[in-house]
Amino acid sequence: MIALEKRAQPSRAWVVGGPVLAVVLTMLAGGLMFAALGTDPVEAIRIIFWDPLFSERFAAYSRPQLLVKAGPLILIAIGLSMGFKAGIWNIGAEGQYILGAICGAAFGLAFYPSESPLIFPGMVLAGIAGGVLWAMIPALLKVYARTNEILVSLLLVYVAEAMLASAATGWLRNPEGSGFPGSRNLARHAGTANLELIAGTGMHWGVLAAFIAVIAAYVVMTRHVLGYQIRLAGQAPRAARFGGVNPARLVILCLGVSGALAGAAGLFEVSGPAARISIDFNVGYGFTAIIVAFLGRLNPIGILLAGLLMALTFIGGELAQLMLGVPAPAIQAFQGMLLFFLLALDLMANYRIRLKREGMA
Amino acid sequence: MIIDPVTLIVALITVSTPVLLAAIGELVVEKSGVLNLGVEGMMIMGAVCGFIVAHQSGSTVLAFAAGMGGGMALALLFAVLTQLLMANQVASGLALTLFGLGLAALLGVGYSGLPVPTVGRPFPDALQDLPVAGPILFSHSALIYVSILLVAAVWYVLARTRIGLVIRAVGENHDAAHALGYKVVRIRFATILFGGACAGLGGAFLSVIRVQNWFEGMTAGAGWIALALVVFASWKPWRVLLGAWLFGGIAALQLRLQAAEVGVPVALLDASPYLVTIIVLVIISSDRTRAALSAPAALGRVFHASS
């Protein structure tokens, strides 16, 4: 009979190897899914994981897209990971991302048609403020009313989507857009554009912010007392309280940071790649970032790599749609599968498998 | 602007049923000490499976069975992950929702707008034609009555039977229940599958009876509202019914207000069911003693029998 024995320390090899194995298993299971959909599985996997980077036909377009898509994912996931480590579950990053975009865009459009260089920094601050504001609702409710932050943050996503629709069709609509929903194009206006910093790489301010966030999170988590408190609160909440960690402060801080980063991600997106506030502005980065955070083991470096991989599946998924006619949701199911395998393989990091003879007590 | 109270109540009962079904299932799951955040994913799987089978077979009974099956299939994944592989329940539940939304959208490609059979109503026309009481009490499809009977059954089993006692024991203290010889993992597998079936049935009701259509993301947070209802109800079955009606009332009312074009912004009306759910959650949670006492003590904790 198989028995499980808890490890005193998580196995280093499995902590690092688990995500890699999960990716391999997802490719196999995803291949089965593609085969069931009637496409050649080997070709589908090659188009998703290989062609965006190395094919002569697509790489020129796809490679810059990698950073464009990875930027918001990494930025949001870094914020989420700090909370997840402390046992604070902000799963409403999608809503904070939307609010960041709305607030930032509103700030920029308020000064239209000014092209002052001060506008873009102001938009960034407004975007961060929007995200923080939205994250403070679950944070304060958790601290003062003990309301479950998972449910509140998630429900607020739907409220944010309603606000997005009203902004796109009403108060932020382009007055020169002949009545169509959607705001003015922010990316083509000098004052509000989030420009590509190095031509042809996809590197914009948001990607730079994501890299800075990775480094900052790494320093905070490994070198700063706050990182120690976050880890302690996550692993032993009672010990943390006796050790002088203020749980209320930690909740506000973790949700605040994740809201700020999600809000910033929204602003960088709306002023760059997405270019405008529209009804379908949000494409689920806030939810995919949850997968990125777990795939990266809540570790900043891991999240950087996981964000790039997840961005690759987005780009490859679009390519597979174009080349093979794979339905768009297939890639979402594919990403969900990855999270399943990852969670399943966590078992190997935390437990040892022992074979026991039947009848032994 | 006139809103007829009778039609509003009829709409309220219809709107609340998917959430009610999902919530009563989740209540049993949580009573056994498991937090399954994948309700939204299981519901949408139920919605798509139910809709496909309803369209293909023309039988609503088969459609509901398929909806339950779809929900249970996802629930089984969750059970394996959290009970056998001892994965984190919060993360696994989220994975279930993300995967379910993707898989359902994939299965439902091409099914949008296809016709489904209409369901019959169990009561004779004479009863349905009664003033006021007729539409409110007798005009619904059979599944609505089933859902209310289900609430009664869940209450009875949890409160009055030995099985219910064992489920609650497992949910309060799994180590003690294990020491008494109860199969914690097996019992939790059963409750998780029951929860999946209920959520799937709720989803199938949504697509086959209420909307009579399928589109991506059609559950629109109903699964999350069901989770909130369980907290709102302080883990008591009858209060789930009350909460579902409250939510259904708000949702039905806001749709009517939108149609009547009153001076309230559409965004606020769209958001109102979610906002009201949050407000109610806050009121319930801030009552320190009650919220803390009624939550199952082992909720969300991983069980690993060391011996």
Side-chain angles (χ1 to χ4, degrees), chain A residues 3-6 33 37 84 87 89 91 137-138 141-142 144-148 150-152 154-167 169-170 284 287-288 290-291 293-294 326-340 342-348 350-351 361, chain B residues 35 37 40-41 77-78 80-82 84-88 90-110 216 220-221 224-225 227-228 231 265-275 277-278 281-288 291-292 304-307:
Chain A
L4 295 167
E5 192 181 280
K6 191 145 176 69
M33 180 179 79
L37 287 169
F84 289 176
W89 300 93
I91 59 169
I137 300 173
L141 289 180
K142 184 177 173 72
Y144 292 107
R146 285 172 300 282
T147 312
N148 183 316
I150 300 178
L151 293 173
V152 175
L154 192 282
L155 288 169
L156 283 172
V157 173
Y158 294 95
V159 179
E161 281 179 345
M163 289 170 74
L164 178 70
S166 94
T169 54
F287 292 118
T288 311
I290 297 172
I291 305 180
F294 280 114
V326 172
I331 209 69
Q332 202 188 341
F334 191 77
Q335 291 171 346
M337 246 186 250
L338 178 57
L339 191 46
F340 278 132
L342 203 63
L343 292 168
L345 287 171
D346 262 355
L347 176 81
M348 304 305 296
N350 294 321
Y351 293 87
Chain B
L35 180 65
L37 291 180
E40 179 86 1
L77 257 176
F78 178 84
V80 169
L81 274 176
T82 59
L84 296 184
L85 305 178
M86 286 173 280
N88 178 309
V90 173
S92 306
L94 287 174
L96 207 62
T97 291
L98 294 173
F99 178 69
L101 287 170
L103 186 62
L106 184 61
L107 291 172
V109 169
E216 251 188 85
W224 296 102
I225 286 174
L227 278 160
V231 181
V266 176
L268 188 62
L269 288 175
D270 276 337
S272 59
Y274 309 104
L275 287 174
T277 307
I278 292 174
L281 263 183
V282 170
I283 295 169
I284 295 294
S285 317
S286 56
D287 185 343
R288 185 185 288 265
H304 177 227
S306 47
S307 60

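Computed from heavy atoms alone, side chains included, the values below leave out hydrogens, waters and symmetry copies. By convention in this document, chain letters (A, B, ...) are assigned in the order of the sequence lines, proteins followed by strands, and residues within each chain are numbered from 1. This is a predicted model, so every value here is computed, not measured.
- Comparing B:L96, B:T97, B:L84 by how many heavy-atom pairs each has under 4.5 Å with chain A, the most go to B:L96.
- Residue with the most contacts toward chain B among A:L154, A:L37, A:I290: A:L154 (heavy-atom pairs, distance under 4.5 Å).
- Contact count versus chain A (heavy atoms, under 4.5 Å) is highest, among B:P273, B:A87, B:A104, B:A95, for B:A95.
- The choice from A:A328, A:P329, A:G284 that makes the most heavy-atom pairs within less than 4.5 Å of chain B is A:P329.
- Ranked by heavy-atom pairs under 4.5 Å with chain A, the list B:L81, B:L268, B:V80, B:V266 is led by B:L81.
- Between B:V90 and A:I91 there is no side-chain heavy-atom pair separated by less than 4.5 Å.
- Using cut-offs of 30° and 60° for the angle between ring planes, the A:Y158 and B:Y274 rings count as parallel.
- A:W89 CH2 to B:L37 CG: the interatomic distance, rounded to the nearest 0.5 Å, is 9.0 Å.
- Across all their heavy atoms, A:A162 and B:A271 have their closest contact at CB-CB, 4.1 Å.
- Neither the backbone nor the side chain of B:L269 comes within less than 4.5 Å of any heavy atom in chain A.
- Only the side chain of A:M33 comes within less than 4.5 Å of a heavy atom in chain B; its backbone stays farther off.
- For the atom pair A:M348 CE and B:L85 CG, the distance stands at 10.0 Å (nearest 0.5 Å).
- Heavy atoms closer than 4.5 Å to chain B are found nowhere in A:F84, neither backbone nor side chain.
- Residue A:A165 does not touch chain B at all, counting heavy-atom pairs closer than 4.5 Å.
- Nearest heavy atom pair, residue B:W224 against residue A:L151, reads O-CD2, 3.8 Å.
- For B:L98 against A:Q332, the heavy-atom pair with the smallest separation is O-NE2, 3.9 Å.
- Interface residue A:I291: only side-chain heavy atoms are found under 4.5 Å from chain B.
- No other option in B:A91, B:G100, B:P265, B:A228 has as many heavy-atom pairs under 4.5 Å with chain A as B:A91.
- For chain B, the option among A:G336, A:A145, A:P138 with the highest count of heavy-atom pairs below 4.5 Å is A:A145.
- In this structure, the portions of A:F287 lying under 4.5 Å from any heavy atom of chain B include both its backbone and its side chain.
- With a 4.5 Å cut-off on side-chain heavy atoms, B:L281 and A:N148 do not count as touching.
- If you measure heavy-atom distances from A:I150 to chain B, the contacts under 4.5 Å come from the side chain alone.
- In plain terms, the two heavy atoms of A:A333 and B:L103 that are nearest each other are CB-N, 3.8 Å.
- Contacts between A:L155 and chain B at a heavy-atom distance below 4.5 Å involve backbone atoms as well as side-chain atoms.
- In summary, of the residues considered (A:D346, A:L343, A:L347), a side-chain contact (heavy atoms from CB on, under 4.5 Å) with B:M86 occurs for A:L347 alone.
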